[in-house]
Amino acid sequence: MTLTLTATNNYLVEQLEQIAVNEQLLKAYAEQLDTSDNTARTYINCITKFINWLDLTEQNAVSYETLVKYKSYLKGMYKARAINTHITAIKDFFKFLERHGFKNHAKDLKKERIGNDFTKDSLTLEQVKGIYK
């Protein structure tokens, strides 16, 4: 069974074309990633969320200011480590685009500071003794 879409609405045609362009771009980006499968999946998910945010907020162009707005949006949903994962993915994506002739708007985008409250406590003497039993 073949599904055929017939669009008489120009807006619908433009949306379908944009989805195809996004998928091709993400596929090309994914193919050049030199990371583990898990990292590649994470980066693609982060870039997909970014593209969806651009569509949702009706951003017509990407600039450094747009990226700062997106970072602020992420701050409302995630902690610093997750935000930094998104920023790393975006920076890598823009490096990919730069190699293909586009301006790298993300090169000056800063990561979130991570406090020292994430460190683990030292082992107690009883825990150390338990290791050697």
To the nearest 0.5 Å, atom CD1 of I83 lies from atom SG of C46 at 11.5 Å
Closest approach of A61 to T66 (non-hydrogen atoms, all atoms of both residues): O-OG1, 3.5 Å
Heavy-atom side-chain contact between T39 and L33 under 4.5 Å: no
In Å, rounded to the nearest 0.5 Å, how long is the span from CZ of F96 to CD1 of I47? 10.5 Å
Nearest heavy-atom pair of I90 and A106: which atoms, and what distance? CG2-CB, 4.1 Å
A side-chain contact here means heavy atoms from C-beta on lying under 4.5 Å apart; do Q59 and W53 qualify? yes
F50 meets the ring pair (Phe, Tyr, Trp, His ring centres under 6.0 Å) criterion, sequence neighbours left out, with Y70
Tell me, please, which residues at least two apart from N38 pass side-chain contact (heavy atoms from CB on, under 4.5 Å). S36, R41, T42
Report yes if some heavy atom in the side chain of T88 is under 4.5 Å from a heavy atom in the side chain of K111; otherwise report no. yes
Let me check something: do L56 and V68 share a hydrophobic cluster, defined by ILVMFWY side-chain heavy atoms less than 4.5 Å apart, either directly or through other members? no
Under 6.0 Å from the CZ atom of F102, do we count more than 12 heavy atoms belonging to anything else shown? no
Spacing of OG1 belonging to T48 relative to CG belonging to L26, to within rounding of 0.5 Å: 4.5 Å
Can you see which heavy atom on T35 is nearest to which on A40, and at what distance? OG1-N, 3.4 Å
CG of N45 to OG1 of T85: how many Å apart, nearest 0.5 Å? 11.5 Å
Just to verify, what does Y78 make a ring pair (Phe, Tyr, Trp, His ring centres under 6.0 Å) with, not counting sequence neighbours? H86
Would you check if L25 and L97 make a side-chain contact, meaning some heavy-atom pair closer than 4.5 Å? yes
For K103, all residues meeting side-chain contact (heavy atoms from CB on, under 4.5 Å), sequence neighbours excluded: H105
Between A30 and I44, which heavy-atom pair has the shortest distance, and what is it? CB-CD1, 3.8 Å
Contacts of K71 meeting salt bridge (charged side-chain N to carboxylate O under 4.0 Å, His left out) (sequence neighbours excluded), chain-then-number -> E112
Does the side chain of Y73 come within less than 4.5 Å of T57's, by heavy atoms? no
Minimal non-hydrogen separation, K110 against I87, with atom names: O-CD1, 3.4 Å
Does any part of the side chain of Y29, heavy atoms only, come nearer than 4.5 Å to the side chain of D92, both counted from C-beta? yes
Quick check: does any side chain N or O of K91 sit under 3.5 Å from a backbone N or O of L109, one acting as donor and the other as acceptor? yes
Does atom CZ (R99) have a neighbourhood of more than 12 heavy atoms from anything else shown, all under 6.0 Å? yes
Ring pair (Phe, Tyr, Trp, His ring centres under 6.0 Å) partners of Y43, counting only residues at least two apart: none
